[in-house]
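Data first, discussion second: the structure below is written as structure tokens.
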Amino acid sequence: MAGEKTAGPRPSGPASSHGDSTDGTFAAGAAREKGYGNTATDLEKADTKVVVPKEAVDHDPYKHLAADEAKVLKDQVFTPDAKVGIATLYRYASRNDLLIMAVSGVCAIASGAALPLMTVIFGNLQGTFQGYFQGTTSYDDFTGEMAHLVLYFVYLAIGEFVCTYVATVGFIYTGEHISAKIREHYLESCMRQNIGFFDKLGAGEVTTRITADTNLIQEGISEKVSLTLAAIATFVAAFVIGFVSYWKLTLILLSTVVALLLNMGGGSTFIVKYSKQNIQAYAEGGSVAEEVISSVRNAIAFGTQDRLAKQYDGHLTRAEAFGFKVKGAIAFMVAGMMLILYLNYGLAFWMGARFLVDNVVTLSKVLTIMMSVMIGAFNLGNVAPNMQAFATALGAAAKIYNTIDRVSPLDPSSDKGDKIENLQGTIVLEHVKHIYPSRPEVVVMEDVSLTIPAGKTTALVGASGSGKSTIVGLVERFYSPVEGKVYLDGVDIATLNLRWLRQQISLVSQEPTLFGTTIYENIRHGLIGTKWERESSEQQEERIYEAARKANAHDFITGLPEGYQTNVGERGFLMSGGQKQRIAIARAIVSDPKILLLDEATSALDTKSEGVVQAALEVAAAGRTTITIAHRLSTIKDAHNIVVMSAGRIVEQGTHDELLEKHGAYYNLVTAQAIAAVNEMTAEEEEAIDKEENQILVRKASSKQGEGSGAGGNYVEDPDDDIAAKLNRTTTSKSASSMALAGRKKQEPVKYSLWTLIKLIASFNKEEWKLMVVALFFSAICGMGNPTQAVFFAKLISALSVPINEETIPQIQSDASFWCLMFLMLAFVMFISFSMQGVIFAKCSERLVHRVRDRSFRSMLRQDVEFFDLDENSAGALTSFLSTETTHVAGLSGVTLGTLLMVTTTLVSACTLALAMGWKLALVCIATIPILLGCGFFRFWMLAHYQRRAKKAYSTSASYASEAITAIRTVASLTREDDVLKQYQHNLAIQQRASLISVLKSSILYAASQSFMFLAFALGFWYGGTLIAKHEYDMFQFFVVFSSVIFGAQSAGSVFSFAPDMGKAAEASRALKQLFDRKPSIDTWSDEGSKVGSIDGTIEFRDVHFRYPTRPEQPVLRGLNLTVSPGQYVALVGASGCGKSTTIALLERFYDPLAGGIFVDGKEISSLNLNEYRSFIALVSQEPTLYQGTIKENILLGAPGEVTDEQVEFACKEANIYDFILSLPDGFDTMVGSKGALLSGGQKQRIAIARALVRDPKILLLDEATSALDSESEHVVQAALDKAAKGRTTIAVAHRLSTIQKADIIYVFDQGRIVEQGTHNELMRKGGRYAELVNLQSLERHR
């Protein structure tokens, strides 16, 4: 029973038929504790206690229980905290893993140290050139020396390639291997845990851990380790080389490291601070969006879309301001890095020149030191982000190891415990008291003693939450009882081996869980752990077919195109309920269990399937100990013993006939259901109706075929067992449903060209175009920085490589000072342009994101309810779209343009300059540009690619694991734990192999991007050297050409890393365009339809047919006719799913009917102006939705126009809440908290009524307005509703029939039509469906 497992810990009154497991005695007790006594009749004072927010309550939920009881419960949910250090991350590393990591570590360090070695070669080459020009070396010596040094470059490239490759592959491989081990152990540990543990955590949390958290660990122990090692090695090696070359200069240049660290540290503190505020500000907006979208019907009904969107926009404006600060801070940080870079050049040459003149050091050493210090300093910056990844990995590991190390109190994998040799199957419960560990405040069973004899059928009946399903949970030992014992053949089951026990028992539950494999495999799961598991496949097949025959499933399975090999789809949603249920029964009886538990095995089925499944169950139960739980009493007449339960106690027991003679609770139930059975349609009648409905729809569809719009709704036909015939059927005899379906294909995703998307995004930044032009101008200047620097660099080198003597020293000093000052100038120009363009683009992109979010939110609110019914548009999905997707869009905006412009100007100006200075060398260098650009780009792209790949690789195995965990009860009752694990290990192994191959391939690219730059250097130096040897070029020309092209291309390549992801941007903008272009069929923005001046309130449904667009195979209304006169109070009643709430949704025009029409005052509502029509209607729904803000703001949301304070007060008095509001410290200005969390249910509901009354509606719709309340609030709210309904046309849907006895007319729904109508007394006299419902509810009250 769903309610028993999921209902939150809220005390509520007598159980509603929603299946909230509640407990009357407890609620009454609570009412007394709160000091209400019996004043529920005095409506003024009732339900006026201010709710204390959750945090204020003491945290020990087990305080009220006896110590031994509390211990039983705590054991089932308590998880000790595990301590996690670096060593624990590697707990599962094998010897090989450790070896591989050691080798990879050495390689990583070597690859890091190679970078600064390059500077030594660079310096030496300059020295060789200088010697040649000064004539100290001959031509032959020069060429020999040069070839020698150039070869060093090649060797370095090869070494770097090999080391990088080994390090990357090694660390990624071990990271993956170890995290796979962690995943395995985690799932294994989950399979060991008791069910109470999952109630506490929720399956969602468990699956997040197996997907997200293990990914975080993997990130922390994979390539990031090798990157960090390499960066540290580079830093150390650079300074070692520096200090060896000349310690004084290196010490002076150490200041750049300090400056860089200050710049990065300062920048990142601001970035962190502002992004926290930004996230905070957006989170408030996001929660507004989430509130609105999750209760979108409310917003639509009250027409408050615009006002809510304005509220959201207010939060966006704040978020925009902080977002601008974040991006601005980043811009200044980048600009600061540029400033330091160029200042470093200036400082190095200025100090170097002084040492040079004093003849302490050669120019080649100055170059070596300057370049190695720069490389070292910038690499230190790479360590910080990786440190963060390690910290996150440790945090994630702590959560996971908590579960891995938890000792389960009910461990199915242990071999402890006895087995009973010759099992008979007698079950005895002795004085059992039970409390669910996740809801310690509700006692579900109180002192129950019951004997269930072997080989007989025992049936349990009673209202929802009376403790029937709990008995099943105790027999299966999903939970331990708090007091008392459960015996099997006289042995306490707590002493038996858990796995053995569960193998003796088969469970068929209300919602059968099938696993995503073939039907054959699903039934075979029943054989796990039994003596037949090891049999040959022929014998197994025989058993499986036999079980399927018994379960009445063999025929429909063989009718499927693939027979038993048909895949059922995840959780079995490709079959109808009846088919799944029969497969589940086959699975349960295939192992010939001694004990069979049937937990409402037929309640979720329609009449047709129910008969079939019931027959299958009766065959299955013969000769076994069977416990059946049933809602429909006709199914258990033949039971050997019937136990009637109420509120966790046994009321009466006996056979069907004995209980009837007693004239007790069972008798009332049976008589009520028997009367109803007379009025129920037989299967033949139902078929006739279906046929008739089909004809109507076919007519409708064929008339529409001409227009091709086919708004007839998309239908799939009823999933019949006779699938083979269906496949051979010709197209002529298509059913109505499929015809209508043909008219309404699923919307094809439209293909948009990139140009369309860019135009869409540009339109959001239209107003800022002048700013953009300025920013682009500064981007171009940023791009020119590199070639300019090349000229200064070459000027300095040629000025400083003059032979030093008395005459040249003054000249050298003045040249050096001049060019160093030029570097100073360049540094500030770069700083200004980088910060300007960064700040302007930050402004523009934040504006863009703000506008995109605002417009997306408005477009979402424009959609019709049908849009929100689709699975892909759940509240969660839409809010995450607003928070994440919209930010990706910035990737196609000005920032990207700026980046591209910067790269282009760098390359164009560098090439122009080089060609002007020396075309021969320039052409050779330009040939290497693609390689250098590629290196810069791929280095960052590959790292991102590794992360993406790791996430993607494990999604299939993760969904497998989460499927198993979500169905943990089924897995446990089938003792499938080992089987699940084997399968999971197999999945992981396949993925590891696949990803190893992909990593071996992709790492080649990464290693190449690290090493090819050395080859480009080698080529440039070799060819340049040759030209110099022939005296074609002098040193100045060589260095200008070489450094402008080569360094230019390098920096251009690395700029790519700052560019936002364009792929994501294109995706996101495609989704946006689709959202903006979707025009709903019921459009709140349209002005069409005739104006509505006033409404009297006559409502008429004429032969209305309707199916929900998302579930077209399920007919909801089948020819509904009803009339409501002005001022009448009409009640709609019926079992759940019979179309009552749908009627209300159609009146609000959330949907349009498929056939028939709805008329208000004689006009069909689809012809009226939507917004005006809705302004005459007010809706009070089951879950009242309040938004963040004050009570007054919430009430005002109901008003279509301006409202005076008097009107608000009047509405509050009508709603019985005025005095309560005044009693609050802030009165009308009291904040209600998110979703109204600071008010009790009854208070919220009354505010919702006041909000409905403020608009003074002509028609008031009440959709189960009191069903979620406890009895005492219900009286108050009911009184308010009765007051509100006076003088208005009111339509109320009710589950609790006591609330609508005063109605003018009651319509009883069944299967989408009206079966009875009349006043309460007339219908009771008639003794039909209504009388049955009343009796059923009196049993629930019969505590």
Side-chain angles (χ1 to χ4, degrees), residues 212 279 282-283 285-294 296 299-300 305 308-309 312-313 315-316 319-320 323 714 744-766 844-897 944 947-948 951-952 955 1059-1085 1109-1110:
I279 289 168
Y282 183 69
S287 65
V288 168
E290 205 269 335
E291 279 180 9
V292 175
I293 292 174
S294 58
V296 72
I300 293 178
Q305 293 100 321
L308 293 168
Y312 178 64
D313 197 38
H315 290 293
L316 288 185
E320 181 195 341
N714 34 354
R744 193 166 171 182
K745 282 281 178 292
K746 198 168 173 348
Q747 283 185 329
E748 282 297 303
V750 198
K751 290 273 181 289
Y752 296 110
S753 65
L754 191 62
W755 179 234
T756 324
L757 299 178
I758 292 175
K759 275 199 302 205
L760 170 74
I761 292 174
S763 69
F764 283 105
N765 263 147
K766 239 199 228 102
C844 295
S845 78
E846 278 304 302
R847 282 267 168 84
L848 170 84
V849 170
H850 175 161
R851 287 184 191 136
V852 168
R853 274 179 178 161
D854 182 45
R855 172 125 176 245
S856 307
F857 188 57
R858 285 174 191 269
S859 301
M860 282 174 191
L861 289 187
R862 169 197 187 181
Q863 303 305 333
D864 46 11
V865 176
E866 188 181 317
F867 171 83
F868 295 97
D869 286 347
L870 298 170
D871 285 341
E872 65 263 31
N873 298 331
S874 64
L878 293 176
T879 33
S880 81
F881 175 84
L882 284 174
S883 64
T884 54
E885 292 288 308
T886 45
T887 51
H888 294 331
V889 173
L892 274 181
S893 65
V895 192
T896 319
L897 252 178
Q947 288 194 1
R948 285 197 300 271
K951 277 201 182 58
K952 248 207 317 269
S955 59
D1061 195 332
M1062 290 188 53
K1064 270 189 190 155
E1067 272 308 295
S1069 39
R1070 194 161 289 131
L1072 279 177
K1073 181 91 175 107
Q1074 216 159 347
L1075 176 67
F1076 296 158
D1077 287 355
R1078 184 179 190 276
K1079 193 175 180 306
S1081 47
I1082 302 174
D1083 187 359
T1084 45
W1085 291 5
T1110 45

(message) Could you report the tightest heavy-atom contact between F881 and A1071, atom names first, then the distance?
(response) CE1-CB, 3.7 Å
(request) Measure the CD-OG distance between Q305 and S859 for me, rounded to the nearest 0.5 Å. (result) 12.0 Å
(request) To the nearest 0.5 Å, tell me how far K1079 NZ sits from W1085 CH2. (result) 10.5 Å
(request) Using a strict cut-off of less than 4.0 Å between a Lys/Arg side-chain nitrogen and an Asp/Glu carboxylate oxygen, indicate whether R1070 and E1067 qualify as a salt bridge. (result) yes
(request) Could you check L878 against F868 for side-chain contact (heavy atoms from CB on, under 4.5 Å), going step by step and ending with a plain yes or no? (result) CA-CA 9 Å; L878 293 176; F868 295 97; 3.6 Å; yes
(request) Could you walk me through whether V292 and L861 pass the side-chain contact (heavy atoms from CB on, under 4.5 Å) test, one step at a time? (result) CA-CA 9 Å; V292 175; L861 289 187; 3.7 Å; yes
(request) Indicate the atoms forming the closest heavy-atom contact of N765 with R847, along with that distance. (result) ND2-CB, 4.3 Å
(message) Just verifying a value: how many Å separate K1073 NZ and K759 NZ, rounded to the nearest 0.5 Å?
(response) 8.5 Å
(message) Which residue in the set L754, I761, T756, L760 passes side chain to side chain contact (heavy atoms under 4.5 Å, CB included) when paired with I758?
(response) L754
(message) Rounded to the nearest 0.5 Å, what separates atom CZ in R858 from atom CG in D313?
(response) 6.5 Å
(message) Parallel, tilted or perpendicular: which one describes the rings of Y312 and F857, with boundaries at 30° and 60°?
(response) tilted
(message) In the structure I gave you, are the side-chain heavy atoms of V849 and V889 within less than 4.5 Å of one another anywhere?
(response) no
(message) Would you say that L1072 contacts E885 through its side chain, given a criterion of any heavy-atom pair below 4.5 Å between the two side chains?
(response) no
(message) If I compare all heavy atoms of R853 with all of T886, which pair ends up nearest, and what's the gap?
(response) NE-OG1, 3.2 Å
(message) What's the separation between atom NE2 in H888 and atom NZ in K1064, rounded to the nearest 0.5 Å?
(response) 4.5 Å
(message) If I compare all heavy atoms of R1078 with all of R862, which pair ends up nearest, and what's the gap?
(response) O-NH1, 4.1 Å
(request) Output yes when a side-chain donor or acceptor of D864 lies under 3.5 Å from a complementary backbone atom of P1080, and no otherwise. (result) no
(request) Return the minimal non-hydrogen interatomic distance between R851 and F764, and the atom names on each side. (result) NH1-O, 2.5 Å
(request) Verify side-chain contact (heavy atoms from CB on, under 4.5 Å) between Q863 and L1075, making sure each step is shown before the conclusion. (result) CA-CA 9 Å; Q863 303 305 333; L1075 176 67; 4.2 Å; yes
(message) Can you give me the closest heavy-atom contact between S883 and Y282, atom names plus distance?
(response) CB-CE2, 3.3 Å
(request) Show your reasoning for whether side-chain contact (heavy atoms from CB on, under 4.5 Å) applies to S856 and F1076. (result) CA-CA 7 Å; S856 307; F1076 296 158; 4.0 Å; yes
(message) Distance check, rounded to the nearest 0.5 Å: L848 atom CG versus K766 atom NZ?
(response) 12.5 Å
